[in-house]
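Written out below as structure tokens is the structure these notes cover.
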Amino acid sequence: MKFSVRNLSLRQISVLGVALGILLPALIFGSLIARSRYDREIELRVQAPMTQYTEMLSKAMAVPIWNVDRQVGKQFVEGVMRNPEVARVVVTDEAGAVFVSQQKLQYAPNQLRRMMRPVSLEKRIIGRVEVAVTTEYVAKDLLEDLLKLVAAITAQVILSFGMVWYVFDRRVVRPVQRLQTETNRLASGQLSEPLVWQRSDEIGDLASGLNVMRLNLGRLISEREQQNKILKQELTERMRAEAALRETEEKFIAIFQASPVAMTVMKCHPVYRMIDVNDAWVRQFGWSHDAILGQISMQEYLWCQPEDMQHVMKVLERDGEIHAFEAWCRSGLGHHNLLCEISGKLVHIADEAFVILVQEDITEKRKNEQEVHRMNQTLERRVSERTRELQEKNAELNVVLNNLKRAQQELVRTEKMAALGSLVAGVAHELNTPIGTSVTVASTLHQQTEDLASQFEQGLRKSSLQDFLSNARLGTDLLLRNLNKASELVSSFKQVAVDRTSANRRRFALHEMMDELILTLGPMIRKSRHGVQSDIAEGLVLDSYPGALGQVMTNLINNAFIHAFDEEHEGVVHIVARAAAENKISIVVSDNGKGILPAHISRIFDPFFTTRLGQGGSGLGLNIVYNLVHEVLEGSISVDSKPGQGTRFELLLPAVVRAAAEAHQTSVLAQDAVPETQTGYQP
């Protein structure tokens, strides 16, 4: 049963009121006092000491942090930790690393107060101090006070209940119960016997009032019986009249609602007001019956131009009818306007005048007529504009074709000049990747140029031209990148031969470098059935040799394409990079190829070891990778593979290489002259 105060007796509600009157103030003021004391204790026993400890440590730790003397710092921290309320002290240096840290037992987060201060030396922040103080002891003291308060309130409530129960039961509850018995007797119709009451208080006055009410009720009941006879006769006559009126009204409503066009009935006086609309009107205008019939303002809002409504009513008043008048009306569906052809008639029923309006939606009809008229007028102009645009596009295409032919000739000349470099021993292997990529891009551009020329003769589409321009822009970008790389490699080998100069070391973002590498290898990847997927976290920055790392990744990708995947297999190479421990970067290159035999795992990094000897494999690819990783990049490389389950290479590289690595760069790059990679895969 649902609890309700109305269901309680007078005795229960009185006891409940007294209980709440005693309990609620005691609980509210007690909790406020306890909260005030808790805040005061927190300020005195937690916040103030914590501020003192933090200020003291922020000044005392300046010299130990600056001198990197953790022993002295630890002594300061231990001195603070001897205080029972101190839970944790953490001192960090300027880089955010933990300098000194001590902690007691684990506390819940809501039991700790924390404060942090910077450690400054000569106005320079060299670290931070964080002190956490527990509020457990203050909470225990507060709990004891609350228990005492609850005990006092409980005793007070019990004593008050006893006194209220005795007084209220004797002076109020029992007299009210007797009065209720007498009232029930009167309610049952026993009005002949008077109600006798001897008390002169408020309950006695109530009893006297009930006795007067008994006499009045007897008189009213007699009068009501006479009135009921008269009302029954009038009700019978009224029901006959309403039945006849209802039959007439039902016939009118049936005809009115069955009409396929929108109809409105308006009352003329004192103002024109809509009193009914049919279902066709609701479907056409989208306003509900309640919305349009309930407010005069909404009925006026229905007309876009108020003067149109005034004109219609004036014509009806003058002529008694109106035909084919066009006016704009608002629709509730989508909040758009409808052009309506309005016809109507003024009729008189009894002493009242009514207007019946028919509002036919002709919006689409007029719109279609105007659209046909407009299209006929603009058709010739559009044909002329399209002809002129086509001529301009053809002229632009001729310019593009001439530029492409010049670019093609330039690419052919560049390819011939690059071929001359193959005469230099060892350079051909290193230049194979960028020049091969350039040749692939040039041939692709040549083929797309021929296709565009063929489409131009047959009628060129804008989408085809846009695709060609997009591909040409990407191709020329790849050509410039790879040709610039080839130029840098030639300069690098020339410097190696002359003065043994090493490659440059710089700071770079790993994900940007890898995206550029995959983009450079795009033509080679698209020629194969395989793919390369990169998942490198942003924010990984290396201070290393991007050229050497790019050569390593290129060799590993080529190694997978050549040896891991069969011709009918669609393989995928995954590159994943994450931050590792000790300020290092982990790069994992894995494939879903056929794997490496266990007998070949230990030999894959050996020079001249290959399973495709005489089939294009030189046996130097992974050996170059091993040398670059260990001697230039100062890292390590490991391999994990099982036959039929793919291969996984993991590179563990330092984020910052030592300056001594520059001495090894030129010797390793001298060996790195073969872009085609060596493998340990099973042929």
Side-chain angles (χ1 to χ4, degrees), residues 426 429-430 432-433 514 517-518 521 524-525 528 530-534 544-545 547-567 569 571-577 580 584-654 661 664-665 667-683:
H429 293 288
E430 186 64 20
N432 186 39
T433 298
M514 201 64 64
L517 177 63
I518 295 176
L521 299 178
M524 179 199 72
I525 297 173
S528 67
H530 316 307
V532 177
Q533 297 180 358
S534 175
S544 186
Y545 299 92
L549 181 57
Q551 185 63 48
V552 168
M553 302 307 298
T554 301
N555 285 8
L556 291 177
I557 294 173
N558 287 337
N559 188 72
F561 278 24
I562 296 174
H563 303 286
F565 309 131
D566 295 328
E567 294 181 357
H569 183 68
V572 178
V573 177
H574 294 272
I575 302 175
V576 180
K584 291 187 177 181
I585 305 297
S586 172
I587 304 176
V588 176
V589 182
S590 60
D591 61 66
N592 58 348
K594 56 188 177 182
I596 306 175
L597 293 175
H600 296 161
I601 287 290
S602 60
R603 302 182 57 194
I604 60 173
F605 295 119
D606 294 342
F608 305 107
F609 173 78
T610 179
T611 59
R612 297 176 61 90
L613 188 62
Q615 302 178 12
S618 65
L620 293 176
L622 291 183
N623 178 256
I624 292 174
V625 169
Y626 183 87
N627 291 334
L628 287 174
V629 171
H630 283 80
E631 299 181 14
V632 178
L633 302 177
E634 301 178 1
S636 62
I637 182 170
S638 60
V639 60
D640 182 20
S641 178
K642 293 182 181 179
Q645 299 182 11
T647 303
R648 180 179 182 272
F649 290 90
E650 182 176 7
L651 286 74
L652 194 61
L653 306 177
H664 301 285
Q665 178 72 357
S667 63
V668 177
L669 289 178
Q671 301 176 28
D672 189 10
V674 185
E676 190 276 327
T677 59
Q678 169 269 348
T679 183
Y681 290 104
Q682 180 182 2

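Just so you know, these numbers use all the heavy atoms, side chains as well, and skip hydrogens, waters and symmetry mates.
- For the pair Ile596 and His600, the tightest heavy-atom approach, listed with the atom from each and the gap, is CG2-CB, 3.9 Å.
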Between Gln533 and Val573, does a side chain to side chain contact (heavy atoms under 4.5 Å, CB included) hold up when you go through it step by step?
CA-CA 6 Å; Gln533 297 180 358; Val573 177; over 6 Å; no
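- A search for ring pair (Phe, Tyr, Trp, His ring centres under 6.0 Å) contacts involving His574 returns nothing, not counting sequence neighbours.
- Atoms CG and CD, on Asn592 and Gln645 in that order, are 12.0 Å from each other to the nearest 0.5 Å.
- With sequence neighbours left out, the side-chain contact (heavy atoms from CB on, under 4.5 Å) criterion links Tyr626 to Phe605, His630, Ile637.
- Between Pro643 and Pro598, some side-chain heavy-atom pair lies under the 4.5 Å cut-off.
- None of Leu628, Ile587, Leu653, Ile557 except one satisfies the side chain to side chain contact (heavy atoms under 4.5 Å, CB included) rule with Val552; the exception is Leu628.
- Atom-to-atom distance recorded for Ser636:OG and Leu652:CG is 4.5 Å, nearest 0.5 angstrom.
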Show your reasoning for whether side chain to side chain contact (heavy atoms under 4.5 Å, CB included) applies to Phe561 and Leu556.
CA-CA 9 Å; Phe561 278 24; Leu556 291 177; over 6 Å; no
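- Qualifying side-chain contact (heavy atoms from CB on, under 4.5 Å) partners for Glu650, counting only residues two or more places apart in sequence or in other chains: Ser586, Val588, Ser638, Arg648.
- Looking only at distances, no side-chain donor or acceptor of Ser641 sits under 3.5 Å from a matching main-chain atom of Gly595.
- The nearest pair of heavy atoms linking Gly550 to Leu517 is O-CD2, 3.9 Å.
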Between Val572 and Asp591, is a side chain to side chain contact (heavy atoms under 4.5 Å, CB included) present by the stated rule, with each step listed?
CA-CA 6 Å; Val572 178; Asp591 61 66; over 6 Å; no
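- Residue pairs meeting the salt bridge (charged side-chain N to carboxylate O under 4.0 Å, His left out) criterion with at least one member in residues 551-563: none, sequence neighbours excluded.
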Report the C-alpha distance between Leu622 and Phe649 in whole Å, list the side-chain angles of each, state the deciding distance to 0.1 Å, and finish with yes or no for side chain to side chain contact (heavy atoms under 4.5 Å, CB included).
CA-CA 11 Å; Leu622 291 183; Phe649 290 90; 4.2 Å; yes
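- Using a distance-only test at 3.5 Å, with no hydrogens or angles considered, a donor-acceptor pair links the side chain of Asn627 to the main chain of Asn623.
- To the nearest 0.5 Å, atoms CG (Asn559) and NE2 (His563) are separated by 5.0 Å.
- Side-chain contact between Thr647 and Asp640 is absent, with no heavy-atom pair separated by less than 4.5 Å.
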